Each structure stands twice: as C-alpha cells, then as structure tokens.
Amino acid sequence: MGLVEKVYSVLVVSSVKSFDTAMSSMLPASSYKPVLFADSISCAQRMIAERSFDFVIINAPLSDDLGIGFAVDCATDKGAVVLFAIRNEIHDEIYERLSPYGVFTLSKPISHQSMRNTLAWLRTAKNLTRRYDKKATSVEDKMSEIRLVNKAKWLLISKENMTEPEAHRYLEKEAMNRCITKKSLAEKIIDKYK
C-alpha cells in the first residue's frame with residue numbers, strides 16, 4: 001500500500017450537536033474529506049443516494065428512526081464501513097442484529113480515546129475492503145477476457161471451419177504477430193462477424 005495517506009469520506013448521522021462537535025474535532029480534513037452531517041435518517045438517505053461514503057457513523061437513536069435498517073443498507077448495498085453508536089443498555093441486542101451485516105457497534109457513552117481507536121479500526125476495515133474490491137475487479141476483468149476470447153474462438157470454428165486447437169493457436173499466434181493482446185484480437189474478430 002505504501003506510505004501515502006488515504007483520505008476518507010464520512011457521513012455522520014446524529015441529532016445531538018455535542019456528538020457532531022466531538023466528531024468534527026476527531027476527523028481532520030487531512031484524512032477525512034468531506035465530512036457531512038445529517039440530523040435524521042431521512043436526511044441521511046437523501047445524502048447517501050447522491051454520493052458514496054467510506055464511513056457512515058450513526059449516533060442512534062435519531063429523531064425519525066433508530067437507524068438499524070439504514071445501517072444495514074449502507075453496509076451491504078453502499079459499500080460503506082458503518083459504525084453504529086447505541087446506549088450501553090441495549091448494545092448487546094443491537095450488536096447481535098447488526099454484526100452479521102458487518103456493521104460495527106459501539107456502546108455509549110464513548111470516551112474520546114475509544115472513538116479514536118474505533119476510527120483507526122474503521123480505516124483498517126476500509127483498506128481491507130478496498131483491497132478485496134480490487135481483487136474482485138481483477139478476477140471479473142480476467143473472466144470477461146476469457147469469455148471474449150472463447151467467443152472469438154467459437155466464431156473462428158463456425159465461420160472459418162477451424163478446429164478448436166486451430167482456433168486457439170490462431171488467436172495466440174495472431175495476437176503475438178500483431179503485438180496486441182488476445183482480448184483486443186478477440187474484439188476485432190467478434191466485430192468482423194457481427
């Protein structure tokens with residue numbers, strides 16, 4: 001990964017101004033930008049529909065909803081790392097409901113140091129998900145390339161009366177002779193027979 005500092009976008013969902021103020025002091029612009037605030041779940045839903053966030057921090061309950069469904073949606077559909085802060089008395093119950101979806105929970109009251117540690121864990125989690133997303137994209141790209149090459153191979157078999165080994169050899173040799181990738185050659189063959 002290197003020593004390059006990452007910058008994370010954050011949505012803080014809280015109806016408590018003192019929580020917002022505390023979060024602002026712990027989210028410096030050098031590492032967290034933008035940091036946006038929503039005072040209700042409905043407002044947060046509108047904001048997350050407009051843009052994606054690396055972190056969603058929910059200080060539950062909110063004026064219009066506890067926020068459990070929103071937390072799950074953000075974690076599963078939006079790709080955000082979600083922190084759900086809830087009062088200590090019901091923390092265990094909420095943890096049981098949210099942890100299967102990858103939502104982190106934290107019991108309130110929260111000390112300044114606990115929140116700093118939690119933010120470090122959230123960064124670690126986001127960096128892991130970024131790496132897995134890159135690997136998944138790489139595998140998807142490779143599978144797409146294999147499908148294209150196979151389609152071109154079957155076009156050569158059906159249109160040029162080649163055998164499967166001949167078509168395979170043709171694709172490899174022709175790509176090498178033209179100094180292009182097999183994927184590029186496959187795209188040209190597919191375009192030719194459209």
Side-chain angles (χ1 to χ4, degrees), residues 1-2 4-17 19-20 22-24 26-29 31-111 114-147:
M1 279 279 158
V4 176
E5 187 69 25
K6 301 264 187 241
V7 177
Y8 304 92
S9 57
V10 182
L11 174 60
V12 178
V13 187
S14 171
S15 57
V16 179
K17 291 298 175 205
F19 185 86
D20 294 351
M23 290 308 304
S24 290
M26 288 188 265
L27 300 168
S31 297
Y32 304 95
K33 186 171 31 175
V35 177
L36 302 179
F37 294 86
D39 62 0
S40 67
I41 295 298
S42 58
C43 179
Q45 288 170 327
R46 285 190 300 276
M47 293 172 82
I48 207 154
E50 294 173 4
R51 71 174 323 274
S52 62
F53 292 92
D54 294 314
F55 304 139
V56 175
I57 300 171
I58 303 168
N59 180 28
L62 282 299
S63 58
D64 58 345
D65 191 58
L66 184 58
I68 291 173
F70 177 71
V72 170
D73 289 344
C74 289
T76 57
D77 297 337
K78 303 296 184 183
V81 175
V82 181
L83 173 65
F84 195 89
I86 191 74
R87 68 182 197 274
N88 190 45
E89 298 81 36
I90 60 171
H91 174 268
D92 291 345
E93 173 193 339
I94 300 300
Y95 169 80
E96 292 298 323
R97 290 175 66 183
L98 291 177
S99 65
Y101 300 99
V103 175
F104 293 91
T105 59
L106 194 59
S107 62
K108 298 190 291 187
I110 306 165
S111 73
S114 291
M115 184 53 86
R116 287 204 179 279
N117 292 341
T118 301
L119 289 170
W121 295 333
L122 295 178
R123 288 191 306 270
T124 299
K126 187 61 182 181
N127 291 336
L128 281 172
T129 59
R130 282 179 178 164
R131 274 203 312 250
Y132 291 135
D133 288 345
K134 283 182 184 177
K135 285 182 181 179
T137 301
S138 174
V139 169
E140 288 172 15
D141 290 346
K142 189 64 178 169
M143 292 302 295
S144 174
E145 179 181 333
I146 290 169
R147 282 191 290 275

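Note that the structure is predicted; figures quoted are calculated from it, not measured. Sequence positions, counted from 1, serve as the residue numbers for this chain.
- For Pro109, there are no side-chain contact (heavy atoms from CB on, under 4.5 Å) partners at least two apart in sequence or on another chain.
- Looking at heavy atoms from C-beta onward, Phe19 lies in side-chain contact with Val12 at the 4.5 angstrom threshold.
- Pairs passing the salt bridge (Lys or Arg N to Asp or Glu O under 4.0 Å) check and including a residue from residues 56-69, sequence neighbours excluded, do not occur.
- Between Glu96 and Pro100, the closest heavy-atom pair is O-CD, 3.3 Å.
- By the side-chain contact (heavy atoms from CB on, under 4.5 Å) test, Thr76 is found to be paired with Val72, Tyr101, residues two or more places apart in sequence or in another chain being considered.
- Residues Ala71 and Val82 come closest through the heavy atom pair O-CG2, 3.8 Å.
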Atom pairs and distances, donor-acceptor, side-chain atoms in residues 53-60, under 3.5 Å, two or more places apart:
{"from": "Asp54", "atom 1": "OD1", "to": "Arg130", "atom 2": "NH2", "distance (Å)": "3.4"}
{"from": "Asp54", "atom 1": "OD2", "to": "Ser9", "atom 2": "N", "distance (Å)": "2.9"}
{"from": "Asp54", "atom 1": "OD2", "to": "Ser9", "atom 2": "OG", "distance (Å)": "3.4"}
{"from": "Asp54", "atom 1": "OD2", "to": "Arg130", "atom 2": "NH2", "distance (Å)": "3.3"}
{"from": "Asn59", "atom 1": "OD1", "to": "Lys108", "atom 2": "NZ", "distance (Å)": "2.7"}
{"from": "Asn59", "atom 1": "ND2", "to": "Ser14", "atom 2": "OG", "distance (Å)": "3.1"}

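- With sequence neighbours left out, Ser63 forms a side-chain hydrogen bond (donor to acceptor under 3.5 Å, both in side chains) with no residue at all.
- Taken to the nearest 0.5 Å, the CG atom of Leu62 stands 9.0 Å off from the CZ atom of Phe70.
- In Tyr95, the OH atom is not crowded: 12 or fewer heavy atoms of neighbouring residues, nucleotides or ligands sit closer than 6.0 Å.
- Considering only residues two or more places apart in sequence or on other chains, Ala22 meets the side-chain contact (heavy atoms from CB on, under 4.5 Å) condition with Met26.
- Residues forming a side-chain hydrogen bond (donor to acceptor under 3.5 Å, both in side chains) with Arg51 (at least two apart in sequence, or on another chain): none.
- For Ser40, the side-chain hydrogen bond (donor to acceptor under 3.5 Å, both in side chains) partners are Ser42, not counting sequence neighbours.
- With contacts defined as side-chain heavy-atom distances shorter than 4.5 Å, the pair Val103/Ile68 does not qualify.
- Proximity of a side-chain donor or acceptor of Thr124 to a complementary backbone N or O of Ala120 within less than 3.5 Å is detected.
- Atom CG of Leu119 sits about 4.5 Å away from atom OH of Tyr32, to the nearest 0.5 Å.
- To the nearest 0.5 Å, atoms CD1 (Ile48) and SG (Cys74) are separated by 3.5 Å.
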Pair up each side-chain donor or acceptor in residues 84-94 with any protein partner under 3.5 Å, not counting sequence neighbours, and list the distances.
{"from": "Arg87", "atom 1": "NE", "to": "Glu89", "atom 2": "OE1", "distance (Å)": "3.3"}
{"from": "His91", "atom 1": "NE2", "to": "Thr105", "atom 2": "OG1", "distance (Å)": "2.9"}

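- The list of salt bridge (Lys or Arg N to Asp or Glu O under 4.0 Å) pairs with a residue in residues 66-82, not counting sequence neighbours, is empty.
- Within the model, atoms CE of Met47 and CG of Leu36 stand 4.0 Å from one another, a figure rounded to the nearest 0.5 Å.
- Applying the salt bridge (Lys or Arg N to Asp or Glu O under 4.0 Å) test to pairs two or more places apart or on separate chains, none has a residue in residues 37-50.
- Looking at every heavy atom in both residues, Val13 comes nearest to Ala44 through CG2-CB, 3.6 Å.
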